[in-house]
Number of protein chains: 2
Amino acid sequence: MSDAEKTRQNILDVAADEIHQHGYKATSLSVILERCAISKGALYYHFSSKIELGYAVFEEIYVPTFLNTWQPALAQKDPIEGLCEFFTAMCNNMNCSEVVCGCPLNNLCEEMANVDEGFRLRILAMQEKLNQLIVDSLSKIEASLRPELELDQVAYFIVSAFHGSTSLSKSSRNKELFQKVTSELCRYIRSLKK
Amino acid sequence: MSDAEKTRQNILDVAADEIHQHGYKATSLSVILERCAISKGALYYHFSSKIELGYAVFEEIYVPTFLNTWQPALAQKDPIEGLCEFFTAMCNNMNCSEVVCGCPLNNLCEEMANVDEGFRLRILAMQEKLNQLIVDSLSKIEASLRPELELDQVAYFIVSAFHGSTSLSKSSRNKELFQKVTSELCRYIRSLKK
DNA sequence: ATAATAACCAACCGTTTGGTATGTTGCAAG
DNA sequence: CTTGCAACATACCAAACGGTTGGTTATTAT
């Protein structure tokens, strides 16, 4: 990786962290410059504006890590148990700062979906992709699932409950509520089977 | 109501609307002043700072309307059906702007819970109160519910799924996803019965 | 009638914001 | 040896922000 690529990647990483912690709007370019130890000219050489930097963080950092987080769980032979293990493991492995900061994608959705079309469409695409992944994985074991289920609806419900739990945790500053919700979420998911 | 009280109430109403639309941080005092047709001196006569105005909006606008929204549903003889009707009605009655803006309390939770302790504690108290309301209402029909349920856990799960659905709707800009999630939420809630 | 206070206004303050224009450095090709 | 461009740095800008100040009405109590 060339020096320029390193600089660009460093900006992306730091920006991703800052946006995760403080949200997009509250993220200050000057803080990013300080942490990267570069000048404003350097940043504007690599990114044409703050919003373009935001889009790049979304596409090059958030989306890949998001998919890498969900994919393994859904790729299991039994996606039901895969999801349950995924939620349980996430609950166990999460440290305090992650609990407080929530899911980067969900945060951006809450903050930016209704004020910036560029973010909205990217988030929407991501949500639809995740939902399709869940639907596909559940379809593979459809024979063992209750026949009355609408998988599309079930998938959105799972994601909603999960993201809602990250929101709940922010105010309590601990894993307790997250634990409770994911626990009930697992009970729900398992109840999808016949 | 005296003129001063009218002024104060007007500031609260306008601020509540602005915060709902753009979030707390992005809400500009100057916009509030314009919409109220008052000067900055007037605002700072009634509220000592922007954050105190935010707290007042939370306590005097958001909390009462929030409780007034949930209470009737939970006060029904059968809270299970009460909640289902509540969610369905909400889905039917919501206009586009409400879909896009989401739940004011959930928005504030996402935006402010991890950056301002004053907001965090107020939100936490509200969440615990709502959860207690749900637990109490479910307890009344506990005999008709599945015995293995942990009501505290169930209540937080319901709220999570609901708030998650408002988040989902923001990116799609329509009621479709909200409809799907609440539909599945109703199916889940009804499945709590024996 | 007058004093006091509540309710409000206009102007201004320092700071921070995203963004830009110009200047400088190092390396690589000709 | 020098020309040229990539990769930055420096210095600056206008706008917006929350907040403060000193002054001005309007209302009420005495």
Side-chain angles (χ1 to χ4, degrees), chain A residues 1-61 107-108 111-112 115-120 122, chain B residues 1-58 60 107-108 111-112 115-119:
Chain A
M1 188 155 53
S2 72
D3 281 4
E5 279 169 346
K6 277 183 189 172
T7 302
R8 192 189 128 93
Q9 193 59 43
N10 190 223
I11 295 174
L12 282 176
D13 291 338
V14 169
D17 183 53
E18 286 292 325
I19 294 174
H20 187 200
Q21 283 189 52
H22 310 109
Y24 170 80
K25 293 182 227 166
T27 287
S28 165
L29 295 185
S30 59
V31 171
I32 297 177
L33 302 182
E34 265 184 34
R35 285 186 54 182
C36 292
I38 59 168
S39 69
K40 193 166 277 191
L43 193 151
Y44 273 85
Y45 172 79
H46 289 285
F47 304 96
S48 61
S49 65
K50 186 191 179 186
I51 198 84
E52 287 298 331
L53 171 59
Y55 296 160
V57 166
F58 185 92
E59 290 170 351
E60 300 179 40
I61 308 281
N107 292 353
L108 271 180
E111 182 190 5
M112 300 302 294
V115 292
D116 181 86
E117 196 69 359
F119 268 122
R120 201 199 115 226
R122 284 169 173 83
Chain B
M1 187 154 55
S2 71
D3 283 3
E5 279 169 345
K6 278 184 189 171
T7 302
R8 192 189 129 92
Q9 193 60 43
N10 191 224
I11 295 174
L12 282 177
D13 291 337
V14 169
D17 183 53
E18 287 291 325
I19 293 174
H20 187 200
Q21 282 190 52
H22 311 108
Y24 170 79
K25 293 181 226 167
T27 286
S28 163
L29 294 185
S30 59
V31 172
I32 297 177
L33 303 181
E34 267 183 33
R35 284 185 56 181
C36 291
I38 59 171
S39 70
K40 194 167 277 192
L43 193 151
Y44 273 84
Y45 171 78
H46 289 285
F47 304 96
S48 61
S49 66
K50 186 191 180 185
I51 198 87
E52 287 297 330
L53 170 60
Y55 296 160
V57 166
F58 185 92
E60 300 179 40
N107 291 354
L108 272 180
E111 183 188 5
M112 301 300 295
V115 291
D116 181 85
E117 195 70 358
F119 268 122

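A note on names: the letters A, B, ... follow the listed sequences, proteins ahead of strands, and every chain is numbered from 1.
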Length of the line joining A/F47:CZ and C/dT20:P, which is rounded to integer Å: 16 Å
Basic-acidic side-chain contact under 4.0 Å: A/R8, A/E5: no
Donor-acceptor pair, side chain of A/K50 and main chain of A/T27, under 3.5 angstrom: yes
Side chain A/K50 and base C/dG19 donor-acceptor under 3.5 Å: no
Phosphate OP1/OP2 of D/dC8: any A/T7 side-chain N/O under 4.0 Å: yes
Selected nucleotide, minimal atom distance to A/L29 side chain, candidates D/dC8, D/dG19, C/dG19: C/dG19
N or O in side chain of A/H46 less than 4.0 angstrom from D/dC8 OP1/OP2: yes
Spacing between A/E5 atom CD and D/dC8 atom C1', to the nearest angstrom: 16 Å
Selection from D/dG18, D/dC8, C/dG19 that lies nearest to any side-chain heavy atom of A/A4: D/dC8
Under 4.0 angstrom between A/S30 side-chain N/O and C/dG18 OP1 or OP2: no
Proximity to the side chain of B/Y45 - top-ranked nucleotide from D/dA6, C/dC8, D/dG19: C/dC8
Touch class at under 4.0 angstrom, heavy-atom based, for A/T27 against every strand present: sugar-phosphate
Nearest to side-chain heavy atoms of A/K40, which nucleotide of C/dT20, C/dC8, D/dA9: C/dT20
Phosphate-side-chain proximity, B/S28 and D/dA16, N/O vs OP1/OP2 below 4.0 Å: no
Donor-acceptor under 3.5 Å (A/Y24 side chain, A/N107 main chain): no
